[in-house]
Amino acid sequence: MLVGVLVAGCAAPEPAERAASGQPSVTATATRVDGPVIEVRIAKGRVTPPPGRVEVARGDRVVFTVTSDVVDEVRLHGYDIDSELRPGGTTTVEFTADMPGLFEVETHDSGTQLFQLLVR
Amino acid sequence: MILPAAGDTRLLAHGIGGREDLPIPFSYALLGAVIVLVVSFLAVGLLWRTPRLDGARAGRPLPPPVQTVLDSPALRTALRLLGLAATAYVAVAAVFGPDVAANPVPGVVYVLFWVGLVPLSLLFGPVWRLVNPLRTLHLLLARVLRTAPEQGLLPYPAWLGYWPAAVGLLAFAWLELVAPDNTTVPVLRTFFLVYAGFNLLAAAVFGSRWFDRGDGFEVYSTLVGRLSPLGRRADGRFVLRAPLQGLDTVPVAPGVVATVCVVLGTTAFDGLSNAPSWVRFVQSGVLGQVSAGTFGLLGCVAAFAAAYLVAALLSGRLSDGGRRSLPRLFAHSVVPIAVGYVVAHYFSLLLFEGQRTLMLLSDPLVNGANVFGTAERGVDFTLASPATIAVVQVVAVVSGHVIGVVSAHDRAVRLFPRRQAVRGQLPLLLLMVGYTLTGLTLLFAA
């Protein structure tokens with residue numbers, strides 16, 4: 001756990017920390033979000049929209065939602081943020097993109113890539 | 001590749017390294033491409049007309065005391081023991097450690113060993129043959145049986161050349177880039193058990209010469225090591241020499257083209273497989289994930305090899321009517337291009353995931369031990385900014401190209417009649433430009 005937090009970076013630790021410990025972050029008390037919310041749906045193993053790249057600026061507040069028809073888990077690699085997916089439910093992940101690089105957002109069980117996050 | 005993060009106690013589906021490099025800025029790719037084109041065409045027009053490279057004799061001999069130390073049995077034995085000890089340490093983690101993301105084995109295999117071998121070989125030459133634990137085990141076995149380690153049951157067939165190494169490297173690349181569950185400990189344990197068993201058996205049959213030609217990791221380290229400033233000359237002396245001179249000593253043997261094309265093609269596939277268009281194709285379900293990956297990996301190697309063979313045969317046609325051995329006579333000149341690709345693709349992985357692996361190695365059984373005192377160190381991502389990484393990538397690819405072009409030019413003026421040398425090297429030059437621009441495109445777009 002300690003290592004996970006270290007890896008996740010030092011800025012804006014709260015949502016990442018909570019997400020990394022298995023609880024989806026709560027996004028009702030919205031801080032300012034930079035750019036549109038990224039929405040992904042998984043149905044019958046297919047991802048809509050098909051995987052592509054989403055580019056954000058370093059330091060941006062990023063929000064994405066995942067709707068799934070099966071139980072799984074979504075993971076943002078590199079930032080090591082995990083959130084559970086429930087059938088029919090929508091999971092929201094919010095974090096600050098404080099580390100530059102290219103990061104895959106993937107489901108854990110099926111290993112399906114949802115999109116790639118490009119932080120410049 | 002995605003390596004599971006240390007804090008994760010479960011296991012992820014695949015891959016290594018949570019962070020991947022940003023695509024290089026377009027201006028960098030463009031500048032790289034311009035330098036490549038200008039250098040290439042100037043090289044043909046301006047470079048020497050009589051061969052200047054003579055790797056077998058070139059170089060500045062090191063002072064005698066240094067020669068003595070480098071050749072000393074004590075140093076050789078120490079390196080072998082180091083290789084055995086490190087392998088034993090990792091084997092303990094592989095056999096007794098839990099199969100969780102904090103197990104250091106995947107990081108050791110894919111980052112410290114496989115990627116780390118490249119800078120070590122670039123600096124010191126063929127290091128893996130000095131520490132290869134299988135070579136040491138074979139040597140010990142030969143001592144016990146009172147036979148000479150070089151002595152096998154059969155002589156190593158000349159026609160086999162580097163082919164077993166090419167196949168072995170391709171198998172490892174498939175494991176790294178395609179195989180399901182390739183970052184799990186049982187899969188790696190199985191791969192390396194089979195690898196060790198096969199190589200020890202082959203060494204029993206062919207003697208220790210097998211490792212020189214048949215062991216993919218040794219061949220890889222030795223090929224990369226030809227670019228090292230430290231080399232051993234034909235007269236047995238250790239010398240400091242230019243990378244171009246070292247390259248000139250790459251053996252012209254069967255399978256050398258295949259080996260170089262495996263390194264190029266698999267590294268290119270690693271870049272390509274990251275592109276969203278490839279991901280969409282794989283996830284469209286036309287082929288299964290493994291079939292699609294296998295198809296892509298083999299396709300990349302085949303494409304690089306086919307392009308090479310066509311260019312080499314055309315060169316033959318345009319010079320002295322074609323020689324069957326021509327492709328392998330120029331294989332050495334593709335080595336630096338392949339190394340450029342490798343450095344560009346894996347530099348940041350070694351820098352960042354290497355730190356993480358050193359941290360995990362301190363607790364090999366994932367029970368809270370801290371053998372080296374590094375268990376609590378985080379990964380310092382500030383060691384290289386995205387801009388620095390992009391510069392390293394472009395410089396690696398462009399330098400590999402320049403060294404490749406010059407070494408091919410020298411070989412052309414040595415082999416071809418004077419008047420046909422320029423014409424004869426044009427297809428190979430175009431091929432190298434193609435390889436390098438492909439490399440830059442992958443860095444920019446994939």
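Sequence lines set the chain letters: A, B, ... in the order given, protein chains first and strands last, and positions in each chain run from 1.
- Annotation: B:Phe295, atom CZ; neighbour count of heavy atoms from other residues, nucleotides and ligands within 6.0 Å does not exceed 12.
- Contact between A:Arg53 and B:Ala275 at its shortest, heavy atoms only, is NH2-CA, 4.2 Å.
- Contact annotation for B:Ser284: only backbone heavy atoms (N, CA, C, O) come within less than 4.5 Å of a heavy atom of chain A.
- Both the backbone and the side chain of A:Gln113 come within contact range of chain B, each with at least one heavy atom under 4.5 Å from a heavy atom of that chain.
- The contact between A:Arg46 and chain B is made entirely by side chain atoms (from C-beta outward), counting heavy-atom distances below 4.5 Å.
- Side-chain N or O atoms of B:Gln283 include none that pairs as donor or acceptor with a backbone N or O of A:Thr112 at under 3.5 Å.
- Dense packing is recorded around CZ of B:Arg280, with more than 12 heavy atoms of other residues, nucleotides or ligands lying under 6.0 Å away.
- Shortest non-hydrogen contact noted between A:Leu102 and B:Leu22 is N-CD2, 4.2 Å.
- Taking chain B as the reference chain and counting heavy-atom pairs below 4.5 Å, the highest number among A:Gly52, A:Gly45, A:Gly101 is found for A:Gly101.
- Across all their heavy atoms, B:Asn274 and A:Gln116 have their closest contact at O-NE2, 2.8 Å.
- Rounding to the nearest 0.5 Å places CD of B:Glu20 at 5.0 Å from CD of A:Glu104.
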Please report, to 0.1 Å, the donor-acceptor pairs under 3.5 Å made by any side chain of residues 435-446 of chain B, with sequence neighbours excluded.
| residue | atom | partner | partner atom | Å |
| --- | --- | --- | --- | --- |
| B:Tyr435 | OH | B:Phe304 | O | 2.6 |
| B:Thr436 | OG1 | B:His401 | ND1 | 2.7 |
| B:Thr436 | OG1 | B:Met432 | O | 2.9 |
| B:Thr438 | OG1 | B:Gly434 | O | 2.6 |
| B:Thr441 | OG1 | B:Leu437 | O | 2.6 |

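- Proximity to chain B (any heavy atom under 4.5 Å) is restricted, for A:Val47, to the side chain, taken from C-beta onward.
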